[in-house]
Amino acid sequence: MYLFDIDGTLLNATDAVHYFAFCDALTELAGRSLNLDGVTAQGNVDNGILRDALALAGVPDHQWRPRLPEMQQRMCAFVTRDQADLRLQVLPQVPEVLDHLRAKGAILGVATGNLEGIGRVKLAHAGLLDRFHFGGYSNAHEFRHEVFKSAVETARSLTRADASICVVGDTPADVRAAHSNGLDIIAVATGIFPLATLQAESPTRAVSSLAELLIHPL
Ligand SMILES: [Mg+2]
């Protein structure tokens, strides 16, 4: 069973639709123009990015936490509305790798920091959504290790409780979150992090591209 991150692992977005959805929700909440300057988005999850941006802007927790569902809805509606502007590059051999794993009988899930309404739109646009048996999204979580834990619970409910599970992700945060859940992880250097940076986190395996998984199969 495999759990795939989306951004930097399955695809890279060259548009800013998701980014502008954050800015729109933050600006609406704060009543003044806010963006993600100074916020770490890579390896973060959508709720965590909102939390970090609002903390940086000095908006206290009690002002935004009750309105988090409203911000999530606004972001998903924004991306749905502007989805024609998405520019998604499916990373090399990703469809082939997913088809290869499915042909071997593997259960494939998503474990992503994206909100469900955003992650599903991206996967559908990239032509990948139908290749997954289930999705683990970040709506109820603020940290990546929580997203993975929840995705694992879903995954185990679909097969055997003792089935082996391997995460595939592109950031040091993915490797750490997999380790903290006791999961194997394949780190792939198709996001912004070079192979050596990922290797330094001691993943189960590190590859420069998922295409390598077809040459040296799992
Ligand atoms: Mg990623």
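Counting starts at 1 for both ligands and their atoms, in listed order. We're numbering straight along the sequence, starting at 1. None of these values were measured; they are calculated from a predicted model.
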Q.
What count do you get for protein N, O or S atoms closer to the Mg ion (ligand 1) than 2.8 Å?
A. 3
Q. Any donor-acceptor pair under 3.5 Å linking the side chain of N47 with the backbone of N139?
A. yes
Q) Hey, is the main chain of R87 close enough, under 3.5 Å, to the side chain of T14 for a donor-acceptor pair? A) yes
Q) Members other than I215 in its cluster, when Ile, Leu, Val, Met, Phe, Trp, Tyr link by side-chain heavy atoms under 4.5 Å? A) none
Q.
Considering only residues two or more places apart or on different chains, which pairs with a residue in residues 189-201 satisfy side-chain hydrogen bond (donor to acceptor under 3.5 Å, both in side chains)?
A. R176-E201
(Q) Classify the ring geometry of H145 against F143: parallel below 30°, tilted from 30° to 60°, perpendicular beyond 60°. (A) parallel
Q) Quick one: side-chain hydrogen bond (donor to acceptor under 3.5 Å, both in side chains) pairs with a partner in residues 16-31, sequence neighbours left out? A) H18-D46, H18-K122, D24-R74
